[in-house]
Amino acid sequence: MGITIDLQIILCFVLLLLTRTLEADSNVRCIKNERDALLKFKHSIADPSDKLKSWVGEDCCSWQGIICNNSNGHVTKLELRGTESRYSGVKECEDSCLGGQISHSLVNLTYLNYLDLSVNNFSEIGIPEFVGSFKVLEYLNFSQAKFVGNVPPYTGNVSRLKYLDLSYNSELIFDSLSFVSGFTSLEYLELSGLNLSMADDLLHSLNMLPSLMELHLSSCSLSLFPEFFRFNFTSLAVIDLSSNNFNSTISPLLFNITNVQHLDLSGNLLRGYLPSEVGNLEFLEVLRLQDNDLEGELPGTLMNGLCNLRELDLGKNSFSGEIRGIFDNSSDCVSASLKGLDLSNNNFRGVVPDSLGKFTSLEYLYLYRNSFEGRIPEAIGRLSKLRELSVYNNLFNGTIPASLGQLSELEILDFNNNKLEGIVSEAHFSKLDSLTRLSMYGNSLVFNIDSAWIAPFQLQSVYLSSCKLGPEFPQWLRGQTNNSLQLLDLYNTSISDGVPDWFQNISSNIQWLDMSHNQISKNLPKFGKPSTPVFGRLIHLNSNKFEGPFTSFPEDVEVLDISNNFLSGQIPQMIADMMPQLTFFSLSENNLSGDIPTSLCKLTELSYLDLSKNQLSGAIPECWQEMEFLNVLDLAYNELSGNIPVSLGSLHNLGSLHLERNNLEGNIPTSLGNLTNLLTLDLSENAFTGIFPSWINENLSSLAVLSLHSNLLKGEIPIELCGVASLRILNLANNMMAGTIPSCFGNFTSMIVEDPNFVDYWLSSFSFPVLFQMPGRYNAYQEHVLTYMKGRELEYNKTIQFLFSIDLSENRLFGNIPDEIVNLKLVQNLNLSGNQFTGNIISDIGNMKALESLDFSQNELSGSIPVSISSLNFLSYLNLSFNNLSGPIPHGNQLQTLDDKSIYIGNDGLCGFPLESCQKEVEILKPGEPGDKNDQDESEMHWFYYGSGVGFMTGFVVVCSSLYFKHSWRRAWFQFVDKIYNKLYVIVAVKMNQLYRKCRQT
């Protein structure tokens, strides 16, 4: 009985104790001195987003980022990780990050075992020394917190620490890693993104961590491959040494760490072969060796014993040979476990074997950018879990296997740029319910899909350029109605149909549309209203047969190219209100008429405007001063009239101005001299008057192309022009300019010494990244210029940056051709024809080694043709006709190919190939010996020609006499004769001389 009572008393006591314990647990309140410590910490740091606003009141255990022990109320966890930016490769805090100072008061948190201040901004302080006072700390994360300076040596006193992350604090200094050696319980060490190149004790310090399981030393500027693999790291399971500077072979000792599960050596400079010892890592799950310089064939046993392998990444190396062996020899356990295989960007060749079908667990397969050939294996249809298949940029041929249509999990399909051919039908897509990306461009595929077929997928991106989808618009696209379609590439797909009305239902969210280079007809397509905001929409409809008026487009369009179509009517006057975000706008090569809308000047973000080759008329609007980003303005080949507006001179970023082939007139405004970034200025084939602009001088330091030909410019060529040392193409032909060529013409530096950076500079100046074109398509504005070269008018565009040309023909220039012009060793075309130059041809003309076309015709040059001309090995066009040249024509390998006699016509004194020989045969008769019959014939021919000449002159005098008595006839006649007399006289004289020589030879 007594025992029972005692037992009841004990039970009651226990029950009371449990009740009070539960009450205590439900009313945990933090320790006062720890709360005070946290408040001091709060007041010491900067908190711009008021992240610690909940740190008020008595119960600090309820504050954000604070965790307390349930039994004793002590703070055990302080987690104040910042918010990570979604748009940064290395995560950085946004406006919510903490900063400032870290109060020493935190040392009072003696029970703290978890501290996380990562992704913040403590850029003014180093890691606090008192961190070494946290005796029970097990987790410490200071990653991406922007600490500076050295790591305090006392940090290593935290002997119970298991997790340490100091990664991506780029301003931390590591002369030594000795502090690490004190973390004898450490299991996880993350030092990625730190410069450890000066830490000589790295290996020794790591060797003091017997419990280490994960080691992350990515992007640490290490150059010597660590030899800590010699030590016995029996517990090490994860090794990440990616993105360092290891320039060596892979040590076989690495594979002695048999317990490793994750090995990442990617992004280094590793070279040599992949050791066969890799097969010893029986627990290996992830092997990443991509982005190195490894070479040779893969070990045939690579996938034989690695039964736990889930991911194998060997991409972006120089591996070669065939891969049949690694698939054929793979063990069943490997083929069942492998989920990811990347062999891309190597030199593999041969066929992909059917044994690939054994790897039924594969989720992604990357074989792109190799030299694989043959057919894509039918066995690929057995990879039922495959989500990504990329085999682009290979040599695969034949047809696409129909089994592809069985991959119901497939999301990404990239077959582009192979040699695939044949028919693509709905069978290839029958079960591809998950497909979001379809890329087959750059093949010879023909889509033959039933117009009634409804696709089972909802695509986000479609790339089918250069496949044959037409002639009808692809009807199977009409099922893409959930507004997921963002990129649609139908470039050069043989479509000759109109765009159907249902296109409006699938186009709402298309960000990039390319239907260019087809024969699509009828009216421009209509676009649906976007369900979500679309930023920077790109629309390419150029090189088709669209007709009718310019219609409205989505107001969010940024790039619009409708060039080379049959649009008619006027450009809408309020076009800037219709598409206020335009940066790239081309309507060239249409049939548009009317004025240029002044509202175009409201498009302040516009960098490219091309309205050339239309029928636009009226004056160029005077409103350009606000368009500060405009880089290209092309209004050429229209019917514009009036003067050049002065406001064009305010376009300070303009790199190309084309106004050629219009009806513009007046003086060229001096305000254009403010366009200091101009590379091309083409005002040719207008009616500009006045003298040559003297403001074209050294201020235009980037000007490479200057074309003012076919205007009414007068005056001399100013010396200031020589200051434009960057000129590569100069065309002043067909004006009324007089005077001499300045001797400083030899100062055009760009025509003397090739600038190796010019081509890149040229392309970057006219490159518009916003175009986002596919590889192989020209993604820059094609600058263009007309040049009279090799006897015909040529238009240069894609190769204009390689042309060097000077054309001063058809002016009234006189005097000697300056000797300094031969300094221009890069000039390929030199045309000085149709002037009044005198003197000799420059004796050192042969120094212009790059000359391909040389035209000095219709001048008054005299003397002999210099022998050095025979050294122009690239000369393919020469015209020296109608001068006063004499003497023998030089010989030379290249000159011998120029056998057209018209090259030298109008020069009586020239002889030699291809004209008559310079040696005349004279037959000597004996004294008193009469001539034979040939002499009689020759005499008769002489009298015949003499009579013809006298008869011609008699008739000519009679006509002139009759004109003498008729004033109006005489005036009209002599105006005509003045134009042709010189040429006609020379032609007749040359013919007579040739006949005479022929007669002498007979």
Side-chain angles (χ1 to χ4, degrees), residues 491-492 512-518 520 524-525 527 536-572 575-576 578-594 596-597 599-616 620 624 627 629-638 640 651 653-662 680 682 763 765-774 777-785 795 797-798 800:
Y491 168 93
N492 189 28
W512 183 58
L513 172 66
D514 194 342
M515 294 184 184
S516 64
H517 293 270
N518 285 286
I520 303 175
L524 293 169
F527 291 80
R537 196 190 297 253
L538 288 69
I539 300 176
H540 299 269
L541 303 175
N542 49 295
S543 300
N544 278 289
K545 294 183 177 180
F546 287 112
E547 56 189 17
F550 181 92
T551 55
S552 61
F553 283 83
E555 63 178 10
D556 51 27
V557 64
E558 185 173 336
V559 171
L560 182 59
D561 188 351
I562 323 179
S563 59
N564 193 15
N565 278 283
F566 297 100
L567 299 182
S568 57
Q570 298 187 355
I571 303 174
I575 193 167
M578 295 165 57
M579 299 175 291
Q581 299 179 25
L582 273 178
T583 62
F584 186 102
F585 187 33
S586 178
L587 291 175
S588 66
E589 297 185 76
N590 280 283
N591 298 319
L592 297 169
S593 57
I596 298 176
S599 67
L600 281 172
C601 296
K602 296 180 181 179
L603 298 172
T604 55
E605 301 296 320
L606 198 64
S607 61
Y608 175 103
L609 178 60
D610 189 353
L611 304 179
S612 63
K613 297 182 180 179
N614 280 285
Q615 300 167 21
L616 300 174
I620 301 174
W624 304 92
M627 304 184 70
F629 298 109
L630 196 62
N631 186 22
V632 171
L633 177 60
D634 194 340
L635 305 178
Y637 293 83
N638 278 289
L640 300 171
L651 302 175
N653 287 311
L654 197 66
S656 176
L657 176 59
H658 282 272
L659 300 177
E660 68 267 21
R661 287 205 181 179
N662 279 286
T680 299
D682 193 340
L763 294 177
S765 298
F766 297 119
S767 178
F768 295 85
V770 71
L771 294 183
F772 185 55
Q773 293 281 25
M774 296 299 298
R777 300 187 204 166
Y778 204 71
N779 66 342
Y781 167 66
Q782 291 190 21
E783 186 58 271
H784 55 92
V785 67
E795 182 174 18
N797 40 56
K798 290 183 180 181
I800 186 176

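Note that the numbering runs from 1 along the sequence shown for the chain. Values in this document were obtained by computation on a predicted structure and should not be read as measured data.
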Nearest-0.5 Å distance that lies between atom [atom1] in [X] and atom [atom2] in [Y]:
X      : Y      : atom1 : atom2 : result
Ser593 : Asn591 : OG    : CG    : 9.0 Å
Trp512 : His540 : CH2   : NE2   : 7.0 Å
Leu606 : Leu600 : CG    : CG    : 7.5 Å
Asp556 : Phe527 : CG    : CZ    : 10.0 Å
Leu513 : Tyr491 : CG    : OH    : 14.5 Å
Asp682 : Arg661 : CG    : CZ    : 10.0 Å

Might you point out which heavy atoms bring [X] and [Y] nearest each other, and give the distance in Å?
X      : Y      : result
Leu524 : Thr551 : CB-OG1, 3.6 Å
Ala636 : Asn662 : CA-ND2, 3.8 Å
Leu651 : Trp624 : CD2-O, 3.2 Å
His658 : Thr680 : NE2-CG2, 3.7 Å
Pro580 : Glu555 : CD-O, 3.5 Å

Among residues at least two apart in sequence or on other chains, which ones pass side chain to side chain donor-acceptor pair (under 3.5 Å) with [X]?
X      : result
Asp561 : Ser563
Asn614 : none
Asn653 : none

Is there side-chain contact between [X] and [Y], with heavy atoms separated by less than 4.5 Å?
X      : Y      : result
Glu795 : His784 : yes
Gln615 : Leu592 : no
Asn797 : Val785 : no
Phe546 : Pro525 : yes
Leu633 : Leu654 : yes

Distance-only, no hydrogens or angles: does the [X] side chain make a donor-acceptor pair with backbone N or O of [Y] under 3.5 Å?
X      : Y      : value
Asp514 : Ser516 : yes
Asp610 : Ser612 : yes
Thr604 : Met627 : no
Asn544 : Asn518 : yes
Ser607 : Thr583 : yes
Asn638 : Leu611 : yes

Identify which one of Met579, Gln581, Met578 satisfies the side chain to side chain contact (heavy atoms under 4.5 Å, CB included) criterion when paired with Val557.
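Considering Met579, Gln581, Met578, a side chain to side chain contact (heavy atoms under 4.5 Å, CB included) with Val557 is found only for Met579.
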Name the one of Asn565, Ile562, Asn564 that satisfies side chain to side chain contact (heavy atoms under 4.5 Å, CB included) with Leu587?
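Of the listed options, the one satisfying the test is Ile562.
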Apply side chain to side chain contact (heavy atoms under 4.5 Å, CB included) to the pair Glu605 and Glu558, showing each step before the final yes or no.
CA-CA 9 Å; Glu605 301 296 320; Glu558 185 173 336; over 6 Å; no
Taking it one step at a time, do Leu635 and Leu616 satisfy side chain to side chain contact (heavy atoms under 4.5 Å, CB included)?
CA-CA 9 Å; Leu635 305 178; Leu616 300 174; 5.8 Å; no
How are the rings of Phe585 and Phe550 set relative to one another: parallel (under 30°), tilted (30 to 60°) or perpendicular (over 60°)?
perpendicular
Would you call the rings of Tyr608 and Phe584 parallel, tilted or perpendicular, where under 30° means parallel and over 60° means perpendicular?
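The rings of Tyr608 and Phe584 lie parallel, inter-plane angle below 30°.
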Using the ring of Phe566 (Phe, Tyr or Trp, six-membered ring only), decide whether Lys545 places NZ or CZ under 6.0 Å from its centre and within 45 degrees of its axis.
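No, cation not above the ring by the 6.0 Å, 45° rule.
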Which is it for Ile620 and Leu659 under the side chain to side chain contact (heavy atoms under 4.5 Å, CB included) test, yes or no, and what are the steps along the way?
CA-CA 10 Å; Ile620 301 174; Leu659 300 177; 3.9 Å; yes
Apply side chain to side chain contact (heavy atoms under 4.5 Å, CB included) to Asn542 and His517, showing your working.
CA-CA 6 Å; Asn542 49 295; His517 293 270; 3.8 Å; yes
